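Whatever order the structure lists them in is the order used to number ligands and atoms, beginning at 1. Owing to the predicted nature of the structure, the values given are computational and were not obtained by experimental measurement.
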Amino acid sequence: MEKVVIIGSGPAGWTAALYTARAQLAPLVLTGKQPGGLLTTTSVVENFPGFPEGVDGYELMTKMQKQAERFGAKTSFGVVESVDFSQRPFTLVVDGEKVVAETVIIATGAGHKHLGVHGEHELETKGVTYCATCDGALPAFRNQPLVVVGGGDSACEEALYLTRFGSMVFLVHRRDSLRASKIMAERTLAHPKIKPVWDSVVTEVLDLKQDNVTGVKLKNLKTGEEKVLPCAGVFIAIGHVPNTELFKGKITTDENGFIVPQQGTMTNVRGVFVAGDCADHVYRQAITAAGSGCAAAIDAERFLAAENQ
Ligand code: NAP
């Protein structure tokens, strides 16, 4: 039986692994389908402290893994198929095999919501991105027109951030008013470098032939008019989807599926803890995920220690 099983291998998962490994709990990390998590899809991470020149997302995650393994973390490239949290010890089915655990740390992260239009997937990392904080400062976007898609706080935040780099930021939204909080919406619309494009949707990202983003095709939903808006980058900020489907009906979530911890990082199930983006719709940064992974590890360690007294 495992003392600690960590589901997920992003910054939250590996930090939880590092701390529980150093507490000599020999955690088992189940990496899931995308070892290293969303960060491995980013090119350069420039906002993780300790890397003055920036660090490649994949490299950062590999280093986190090595650091955790150095202290005894065990890695399995398994995908969890089901969990039984109805009684302790907990049972997980991983690629058809049963894994039994005294405690579980859920660090399954979140995925970006996608538009699902032609060119979006193909041009990812070639001008299509889902994170202005991660990619906005890249040379390809400097002094170029940029497009942000969405009308919520995330889209406003991305657009405001991108004004530092782009020549102009076009905020494409499918309605004629922003969903974002009032203060954020006002700040966004008052910015001289942000131009809203109302009632419009992106129907295609161009240009596959050039293997780079050169613009977007837009359709005005009210008039039906279609046009091409040239740009060097498309920042899609239409929300996130937490990877919590597996825990539906077993762990308390909010209406959007984000896990809601009840006491520190402990969920409604005693012995099951949560860390990172699957419980965070506000900050969603590698460093905040890592911080919450540390907190979950300490909570799990103290939980086990209290039980064994
Ligand atoms: P959100 O509030 O759900 O907004 C998503 C936006 O994308 C909406 O404007 C929505 O349009 C649009 N959208 C959704 N699907 C679309 C599609 N398929 N095509 C085109 N547009 C689409 O998501 P969020 O902005 O990521 O914010 C999530 C939560 O985090 C919110 O509670 C927000 O307040 C919070 N947050 C807070 C901050 C902050 O306080 N600084 C920063 C970021 C996020 P409609 O408006 O038409 O639905």
Side-chain angles (χ1 to χ4, degrees), residues 12 38-39 41-42 47 109-121 123-124 128-136 146-164 169-191 194-206 213 215-227 229 231 233-244 252-261 274 276-289 291-292:
L38 262 193
L39 212 62
T41 64
T42 308
N47 54 10
H112 300 290
K113 213 172 141 187
H114 291 225
L115 286 171
V117 299
H118 190 59
E120 179 187 14
H121 173 64
L123 296 175
E124 203 174 322
V128 173
T129 139
Y130 299 85
C131 177
T133 328
C134 317
D135 300 328
L146 303 172
V147 161
V148 173
V149 187
D153 279 320
S154 293
C156 289
E157 211 166 56
E158 304 270 283
L160 285 165
Y161 185 73
L162 290 170
T163 58
R164 301 177 199 188
V169 179
F170 295 94
L171 182 60
V172 176
H173 183 35
R174 62 186 177 184
R175 294 185 295 117
D176 64 0
S177 65
L178 296 175
R179 167 182 299 279
S181 53
K182 202 162 183 291
I183 186 165
M184 203 70 160
E186 280 176 4
R187 202 180 299 159
T188 304
L189 296 177
H191 200 290
I194 297 177
K195 187 173 173 353
V197 183
W198 299 120
D199 301 312
S200 297
V201 289
V202 171
T203 53
E204 188 177 340
V205 182
L206 306 169
V213 168
V216 287
K217 263 193 196 168
L218 294 179
K219 182 174 183 180
N220 185 302
L221 294 175
K222 281 194 175 152
T223 64
E225 187 200 347
E226 294 188 278
K227 64 174 183 184
L229 177 61
C231 63
V234 185
F235 293 76
I236 297 165
I238 59 170
H240 282 78
V241 191
N243 299 324
T244 55
T252 303
T253 66
D254 67 11
E255 68 276 15
N256 297 317
F258 289 92
I259 292 174
V260 182
V274 67
D277 285 8
C278 61
D280 173 17
H281 61 81
V282 179
Y283 303 110
R284 298 189 305 236
Q285 299 299 303
I287 188 67
T288 50
S292 71

Do other residues, nucleotides or ligands put more than 12 heavy atoms under 6.0 Å from H114 NE2?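 Above 12, so yes.
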Minimum distance, heavy atoms only, to [atom]: which one of [options] is it?
| atom | options | value |
| --- | --- | --- |
| atom 35 (C) of ligand 1 | H173, R174, H281 | H281 |
| atom 22 (C) of ligand 1 | I183, D254, V282, I238 | I238 |
| atom 3 (O) of ligand 1 | E157, R175, R179, E158 | R179 |

Nearest neighbour in protein (non-hydrogen) for [atom]:
| atom | result |
| --- | --- |
| atom 23 (O) of ligand 1 | G239 CA, 3.8 Å |
| atom 33 (C) of ligand 1 | D153 OD2, 3.4 Å |
| atom 25 (O) of ligand 1 | S154 N, 2.9 Å |
| atom 9 (O) of ligand 1 | G151 N, 3.0 Å |

Check for a donor-acceptor pair, side chain of [X] on one end and backbone N or O of [Y] on the other, with a separation under 3.5 Å.
| X | Y | value |
| --- | --- | --- |
| D277 | D280 | no |
| S154 | A237 | no |
| S292 | G276 | yes |

Counting each atom of ligand 1 from 1 as listed, which ones have a heavy atom of K113 under 4.0 Å away?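 Numbered from 1, ligand 1 contributes 14 (C), 15 (N).
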How far does NE2 of H191 sit from CG of L162, to the nearest 0.5 angstrom?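 Here the interatomic distance stands at 10.5 Å.
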Closer than 4.0 angstrom: is that true for some heavy atom of L115 and an atom of ligand 1?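 Contact check L115 vs ligand 1: positive.
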Does any part of the side chain of L218, heavy atoms only, come nearer than 4.5 Å to the side chain of V202, both counted from C-beta?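 Yes; the side chains approach each other to less than 4.5 Å.
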Parallel under 30°, tilted from 30 to 60°, perpendicular over 60°: which one fits the rings of Y130 and H112?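 It falls in the parallel class, under 30°.
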From atom 31 (C) of ligand 1, is the closest protein heavy-atom distance below 4.0 Å?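 There is no protein heavy atom less than 4.0 Å from atom 31 (C) of ligand 1.
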Under 3.5 Å: N/O of M184 near N/O of ligand 1: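 Checking ligand 1 against M184, no N or O pair falls under 3.5 Å apart.
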